[in-house]
Peer 1: 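The structure follows.
This is a predicted model, so every value here is computed, not measured. Chain naming here is simple, since letters A, B, ... match the order of the sequence lines and numbering starts at 1 in each. The basis for the numbers below is simple: all heavy atoms, side chains too, and nothing from hydrogens, waters or symmetry mates.
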2 protein chains.
Amino acid sequence: MQLNSEDLRDKIKMANLRPTRQRLALAELLFAEGNRHVTAERLHNEAMGAGVTVSLATIYNNLHQFTSAGLLREVVVDSSRSYFDTNVSPHHHFFHENTGELEDIPRNELSVDTIPDLPEGTEICSVDVIVRVTDRRS
Amino acid sequence: MQLNSEDLRDKIKMANLRPTRQRLALAELLFAEGNRHVTAERLHNEAMGAGVTVSLATIYNNLHQFTSAGLLREVVVDSSRSYFDTNVSPHHHFFHENTGELEDIPRNELSVDTIPDLPEGTEICSVDVIVRVTDRRS
DNA sequence: ATAGCTGCAAATGCTTTGCAAGGCC
DNA sequence: GGCCTTGCAAAGCATTTGCAGCTAT
């Protein structure tokens, strides 16, 4: 999944968002190649490193706008940080407790077999599985 | 699982913690009857309501001490709040997105069947499944 | 032109910390 | 007495908000 500037522009337009300088730069970092899992802070650092001037507030704005548009998915793994995943298809995660890194579990490698009876009057919104791992002998 | 004051005192002593007034009161609220899922704020409110003077800092101290002692388990479901579960045996959860309520999934009603290949050099720390539900038609 | 974006700084909300006073053994 | 606990207020952090100025269309 390799996207060029044109593709990114389209992707943003289809989400009814304006292709501003900052937004394009963030989209580039997020979607240009393969799947990514980022925190707001990390993305901010990357943007700065890439010579793009973006404020942290704008990072948050855009991450949430992308999420609303279905271009990103928010993953809750750590109560102190928010992670955003560029892979929006249903799948689960490994979370490295040591490094704070998030990694996809290939779709075919994990599935939830029995679906429990739901509480009265509710419907499933999503099923999230997080396999927390640590370095061996730590 | 009905515990009286003596049982609670023992439980606390076994965790190498002192049975102070606040700690006993919190243990009472948490462990006296059945399983519970609480946030620090909720527990604080309950304590106040029960006429027990406890500061929020002490609530956090004790929740973490109980957690370290294996009497509680922290569950990450919402990036803005921490939940503590009095059920420390392995099990999964329903999370009501509307109410912020956490509920156990009976052990036999959900299991993860295929275990994925772990990343190199890591070992499983825990497997957390959260079934997020919303009220029907919301 | 105008509706949407952006940056900054201030505000927020949950959680943690520092430290003096108090309580358990 | 000594050490663990507590409470308060202040600090910390990630995230959000208000608002004036900027920018796509």
Peer 1: Between Tyr60(B) and Phe84(B) (judged by ring centroids, cut-off 6.0 Å), do the two rings come close enough to count as a pair?
Peer 2: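 Centroid distance Tyr60(B)-Phe84(B): not below 6.0 Å, so no.
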Peer 1: Do NZ/NE/NH1/NH2 and the carboxylate oxygens of Arg9(B) and Glu28(B) come within less than 4.0 Å?
Peer 2: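 No, this pair does not count.
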Peer 1: Check this one for me: any side-chain N or O of Ser80(A) less than 4.0 Å away from OP1 or OP2 of dC13(D)?
Peer 2: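 Answer is no, no contact under 4.0 Å.
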Peer 1: How do Glu41(A) and Arg9(A) order along DNA chain D: which one's closest nucleotide is nearer the 5' end?
Peer 2: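 On the 5' side of the pair lies Glu41(A).
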Peer 1: Rounded to the Å, how far apart are Leu24(B) CG and dT6(D) C1'?
Peer 2: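 So the two atoms are 14 Å apart, to the nearest Å.
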Peer 1: Choosing from dT17(D), dT6(C), dG7(D), which nucleotide comes nearest the side chain of Asn62(A)?
Peer 2: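 The listed nucleotide nearest to Asn62(A)'s side chain is dT6(C).
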Peer 1: I'd like to know if Leu29(A) and Leu3(A) are part of one continuous hydrophobic network [Ile/Leu/Val/Met/Phe/Trp/Tyr, side-chain heavy atoms within less than 4.5 Å].
Peer 2: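 Yes, because Leu3(A) and Leu29(A) connect within a single hydrophobic cluster, where side-chain heavy atoms sit under 4.5 Å apart.
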Peer 1: If you find the nucleotide of DNA chain D closest to Asn16(B) and the one closest to Ser79(B), which residue's nucleotide is nearer the 5' end?
Peer 2: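 The answer here is Asn16(B).
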Peer 1: With sugar-phosphate meaning primed atoms plus P, OP1 and OP2, does His44(B) contact a base, only sugar-phosphate, or nothing at under 4.0 Å between heavy atoms?
Peer 2: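 His44(B): no heavy atom of the nucleic acid under 4.0 Å.
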Peer 1: Of all the choices, dC25(C), dT16(D), dT6(D), which nucleotide is nearest to the side chain of Pro19(B) once you look at every atom?
Peer 2: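 Nucleotide nearest to Pro19(B)'s side chain: dC25(C).
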Peer 1: Can you tell me the distance, in whole Å, between the CG atom of Asp78(B) and the P atom of dG13(C)?
Peer 2: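 It works out to 14 Å between those atoms.
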Peer 1: Looking at dT5(D), dG7(C), dC5(C), which one has an atom nearest to any side-chain atom of Val54(A)?
Peer 2: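 Nearest nucleotide to the side chain: dG7(C).
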Peer 1: Give the rounded distance in Å between these two atoms: CD1 of Ile12(B) and P of dC24(C).
Peer 2: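 Going from Ile12(B) (CD1) to dC24(C) (P), I get 12 Å.
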Peer 1: Roughly how many Å is it from CZ in Arg42(B) to P in dT15(C), rounded to a whole number?
Peer 2: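 One finds 14 Å between P of dT15(C) and CZ of Arg42(B), rounded.
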Peer 1: dC8(D) C1' sits how many Å from Leu56(B) CG, rounded?
Peer 2: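 Value for this atom pair: 12 Å.
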Peer 1: At under 4.0 Å between heavy atoms, what does Ser82(A) touch on the DNA or RNA strands: base, sugar-phosphate, or nothing?
Peer 2: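 If one applies the 4.0 Å heavy-atom cut-off, Ser82(A) turns out to touch the sugar-phosphate alone, with no base involved.
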Peer 1: Whole Å only: how far is the CG atom of Leu26(A) from the P atom of dT6(C)?
Peer 2: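 In whole Å, dT6(C) P lies 8 Å from Leu26(A) CG.
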Peer 1: Using whole Å, what does the distance between atom C1' of nucleotide dT5(D) and atom CZ of Phe66(B) come to?
Peer 2: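 Value for this atom pair: 12 Å.
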Peer 1: Here's a test for you: under side-chain hydrogen bond (donor to acceptor under 3.5 Å, both in side chains), which of Asp104(B), Asn108(B), Asn35(B), Asp128(B) qualifies with His91(B)?
Peer 2: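 Running side-chain hydrogen bond (donor to acceptor under 3.5 Å, both in side chains) over Asp104(B), Asn108(B), Asn35(B), Asp128(B) with His91(B) returns exactly one hit, Asp104(B).
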Peer 1: With a 4.0 Å limit, can you tell me whether Thr39(A) has a side-chain N or O closer than that to the phosphate oxygens OP1/OP2 of dA14(D)?
Peer 2: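 Thr39(A) to dA14(D) OP1/OP2: no side-chain N or O under 4.0 Å.
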Peer 1: Any carboxylate oxygen within less than 4.0 angstrom of a Lys/Arg side-chain nitrogen, looking at Arg136(A) and Glu123(B)?
Peer 2: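 Answer for the salt bridge query: no.
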Peer 1: Can you find a side chain N or O atom of His64(A) that sits less than 4.0 Å from OP1 or OP2 on dT15(D)?
Peer 2: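 For His64(A), the contact criterion (side-chain N or O under 4.0 Å from OP1 or OP2 of dT15(D)) is not met.
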Peer 1: Considering heavy-atom distances to DNA chain C, does Lys13(B) or Leu17(A) have its closest nucleotide positioned more toward the 5' end?
Peer 2: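 In this pair, the answer is Leu17(A).
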Peer 1: If you look at every strand shown and take non-hydrogen atoms under 4.0 Å, does Arg21(A) touch a base, only sugar-phosphate, or nothing?
Peer 2: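 Contact class for Arg21(A): none.
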Peer 1: Give a yes/no answer on whether the side chain of Arg23(B) brings an N or O atom under 4.0 Å of OP1 or OP2 in dT6(D).
Peer 2: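 Checking dT6(D) against Arg23(B), a side-chain N or O does come within under 4.0 Å of OP1 or OP2.
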Peer 1: Within the pair Thr58(B) and dG7(D), is there a side-chain N or O less than 4.0 Å away from OP1 or OP2?
Peer 2: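 Yes, such a contact exists.
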Peer 1: Could you state the atom-to-atom distance from CD1 of Ile59(B) to P of dG13(C) in whole Å?
Peer 2: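 Going from Ile59(B) (CD1) to dG13(C) (P), I get 20 Å.
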Peer 1: Quick check on dG7(D): is either OP1 or OP2 less than 4.0 Å from any side-chain nitrogen or oxygen of Gln22(B)?
Peer 2: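 For dG7(D), OP1/OP2 do have a side-chain N/O of Gln22(B) under 4.0 Å.
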Peer 1: Kindly say whether, by distance alone, the side chain of Arg18(B) makes a donor-acceptor pair under 3.5 Å with the base of dC3(D)?
Peer 2: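 Pair found.
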Peer 1: Which of these nucleotides, dA14(D), dT25(D), dT15(C), is closest to any side-chain atom of Tyr60(A)?
Peer 2: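 Selected nucleotide (nearest to the side chain): dA14(D).
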Peer 1: Among dA9(C), dT17(C), dT6(C), which nucleotide sits nearest the side chain of Asn61(A)?
Peer 2: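 Out of dA9(C), dT17(C), dT6(C), the nucleotide with an atom closest to Asn61(A)'s side chain is dT6(C).
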Peer 1: Step by step, work out the side-chain contact (heavy atoms from CB on, under 4.5 Å) result for Val38(B) and Leu30(B).
Peer 2: CA-CA 8 Å; Val38(B) 298; Leu30(B) 291 169; 3.7 Å; yes
